[in-house]
Amino acid sequence: MLDKSFDPKEAEARIYKMWEDSGAFKPRAAKPTDTKDDNFSIVIPPPNVTGSLHMGHALNNTIMDILIRFNRMKGKAVLWQPGMDHAGIATQMVVERKLAAEDKFRKNMSREDFLNHVWAWKEESGGIIEQQLRRLGSSCDWSRSKFTLGASPNADAEEKAAQQNMGDGVTKAFVEMYEAGLIYRDKRLVNWDPHFQTAISDLEVETKTVDGHYWHLRYPLADGVTYEHPITDEEGNVTGHETRGYVVVATSRPETMLGDTGVAVHPDDERYAALVGKEIILPLVNRRVPIIADDYADPEKGSGAVKITPAHDFNDYEVGKRTGHELISILDDRGHILPLDIIPEEFHGLFSVKARKLVVAQFDEAGLLTETEKLKIEQPVGDRSGVVIEPMLTDQWFVDAEKMAEQAMAKVNDGSTKFVPENWKKTYDHWMANIQPWCISRQLWWGHQIPAWLLGSGGGKAARWTNAEETQQHRDEDAEFEVIWDKLSNLPVVTADAEQVPSLLLPILNNVDEIALVETIEKTGVLVEVKVKTKLGQALQFTFHQDPDVLDTWFSSGLWPFSTLGWPENTEELARFYPTSVLVTAFDIIFFWVARMMMQGLHFMKDENGEGIVPFDDVYIHALVLDEAGKKMSKSIGNTLDPLDLIDGVTSDVLVEKRTRGLKNPDKAPQIAKATRKAYPDGFEPYGADALRFTLASQAGQGRNIRLSVERIAGYRNFGTKLWSAASFGQMNGCAPVAGFDPSTATLPVNKWIISETAKTAMEISRCIDTYRFNDAADAAYKFTWDTFCAWYLELSKPLLSGEDGTEKDETRATFAWVLDQILKLLHPFMPFITEDLWAKVAEGRDSNLITAEWPTYGDKLVDADAVAELEWLQTLITNIRSVRADMNIPPSKKAPLLLCADTLDPRLDTYAPQLSPMARVEHVELASAVPDNALQTVVDGVQYAIPLAGLIDMDAERKRLAKEIEKAQKEIEQIDRKLGNEAFVAKAPEKVVILQKERRAGYAAEVETLQTALDGLG
RNA sequence: GGGCGAUUAGCUCAGUGGGAGAGCACUACAUUGACAUUGUAGGGGUCACUGGUUCAAUCCCAGUAUCGCCCA
């Protein structure tokens, strides 16, 4: 006996453990006959090690698990590769915050000590998200889980061996890309995050619109120069001129004027033509800077003159480069004004915003502030820190992304990788076509330290001399030292192996001097000391430090599709599972991740012809999960839903507490609490993972966001209960799977019909999953289970199952059990827990688990068109009888005969009398030559039926009902006639369409005729 | 400013060049028989608007409006 309903709390953990213990999550053994199509693989988008499960993960993993389970059941060798991302900035931030709470600060620690703290934290909480993914039912091969940063220094030997390639791969990738000229070190303007004091990439910068000001500043001209500046009215007409000894520039960041190197005007701007080449005396700092002509200045904007601060503005940087300006950096790493000689002392050390106020005040005081304009300005902020990003001139490492993007675009264009839905290709193309150099160095500690050695300060220059001879000798040596120093300090030494540093130095040095000997004298950790023997025979000592910076996390994430498979080792998994079958992700990381994987995959993975191999055949981009109001879920808005709360249930008190805890803006708490209580006054019931998964799948329409509806989750939980109860019915009626049952041998039309429908549904679901139409697949499974199987077949089978023992009963029992088995299989990818539980419970001693059962692929051969037609007729008949009875308010308890108004009795009516009785409340069936008075009438396939119900029918209402039906049908006929009467339609429309319309017309005409007869018969 | 997308039943959303759909909600009826986490039946839509293409447009094209997102 089955319990009353499925208990997710009890079953989920038990079943998940059973799966994992059974080894079902590991790919099956390779077969000699396996082709590429027999291997199916997905790499998980690695969640941040700091992360916890959110709805986006739930959707993402549900989709992947559907694909994985489906393909596993189809008999493919399936690998779902899990792992986690070290998430440089995010993790370092979390750990620093945690340490700060204990009054410990990174600045006061050694790098090693700090990293020990991070690793300890990772060990402690890094596994949480993997546990949470298990709760969803994700069938990843956890034994292969990888971490982008490799193993912890304290890990055991086994773990170290398993993760070894993760770090080695990153180093190898960096070195090879450097050697190929795809990575370079450069001093450039980068996005600087003053909070984390690191460079970040363009993608990590968000633009926010905030209230700001435009300050209009007067810059006096040097040497008493004046010019005639036109005065214009509101419509822009010149009404006169005034003599000016200044130009006006407008800026939202006046403090940058401390680093101005000029003022630009447009070359065609007649107003300022005479000023080009003249100079300005910058107020406050009293520096002379030139007025230059450059296209960047827009005559339409403001005064038409713009200040140029090449070291603190990306546009100005370009102008500065074009016009050969020097670069003046005025900010330190924290965004404070540097104590430069050229900057007045009162600004030294001021935070940029404070400096801004002081600059404005001083301009105002000097009468040089002409206007303060309030307006919205676009402000760049760090996506992690939330602080204003400063363009800063620093030495960083870059990937020449433009070069790599070419092939990455070409491979999508030629279809090697397909985007689903297709329109995301445009987004990808657009970004790739406009790609900028990718800044990959970060001034952090948590990450892959860059495998490059840089010349450190304090080399072997310490020798001092006492007499003239020595002095001269040392001067010579010193000169040699300078030559070597200059040469080396321009070039980082990039190598995976510190031992190689000296040998890499040789070719560099040989070009400039006759260096005889380079040897390592000491190598400790990140420090390499080399001895260089000069032509004077002197041994000079140089110290190289490993670059303290680490790589952008996405650099290692870009290697994920092959690093997780063992690269740079040549592993079996790499051969079997690369390229991966599909990448499943949300659109927001197409640039961050998908694009980088394409570029790096194509660079490192080559076929026998040296042609790059794409990392995945398909990229399926799914929606974002929004709240019920269509807003992005966010902690600060307090509208997040924790998938585990929906699985396990939660009270509204706990929900409110979770949503209001740790808010950036605690003032919002009461508002969030109120909204939460209003939306979910009773919290959530424990709906279970299956219901959540099914809801997400059913809403995963392509190219749409998902507004997660809790009501729908409840609906799909009910669906599970429905399935459970149908299984329970089967069990009570002896419908156990029959070994060796061949569905094609069924004889009863009702069984042949449900078998046909099963086969059709299986084809439909397969097709939908194969084409990533998860909502359609879920719908098809839902409809078949609830409507076709439970509502129709189950009711139709009741008379057979409760009837006399015999072959018909046996066949029906076997069919019922077979169909239920197919349903469990078809639903398994969507609802793995309840289906696996039922699989075991509806049959004793199965020899396999559902997770590895064979997917139904019967094709058309089980479809019996005659049986389908017969049962469709029966369903129409039953539906029509129910409908007319309901229209006339005939209570279901009142049974009535069914009269067939024809010459001969349709034998089918006899056959299905046992079904018609309970389902259509038919007492018995008989032939009638005429419709009696006081009867309801209906038409099926042009045949008239009557249901005599003397005394129960309001004949007036029946007349109205019939008239209404006739009218309805006639309207259809009119519409069709209009079409058929149109010569152009008959001439130009495809014959199929014309025939279809004619058939439809005939059908309606027959109906009208019969209904009219019925109506006339009522008098 | 550039780009992408959306607009279909009260709500949330499918869908298609030729018959307007689902779930929820709503209305009526039902209640010992798998299931009330239920059953049966029903009502409800100018498919945003304006033009065009077509024999035929909710669907294709153009424009307008509104909303959303991405990039600058």
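Residue numbers begin at 1 in each chain, while the letters A, B, ... track the order of the sequences. Values in this document were obtained by computation on a predicted structure and should not be read as measured data.
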What does [X] touch in the nucleic acid at a heavy-atom separation under 4.0 angstrom: a base, only the sugar-phosphate, or nothing?
X	value
A:I976	nothing
A:R717	base
A:S883	sugar-phosphate
A:Q997	sugar-phosphate

Between [options], which nucleotide has the shortest distance from any of its atoms to the side chain of [X]?
X	options	answer
A:K798	B:rA34, B:rG19, B:rC70	B:rA34
A:R707	B:rC13, B:rC55, B:rC4	B:rC13
A:T721	B:rG43, B:rC35, B:rA34	B:rC35
A:Y782	B:rA72, B:rG23, B:rA41	B:rG23
A:K783	B:rU37, B:rA22, B:rU38	B:rA22

Between the side chains of A:K798 and A:N733, does any donor sit under 3.5 Å from an acceptor?
no
Using the P atom on both, measure B:rU58 against B:rG19 and round to a whole Å.
10 Å
Expressed as a whole number of Å, how far does the C1' atom of B:rC47 sit from that of B:rG42?
23 Å
What is the pairing partner of B:rA6, taking Watson-Crick or G-U wobble pairs with both distances under 3.5 Å in any strand?
B:rU66
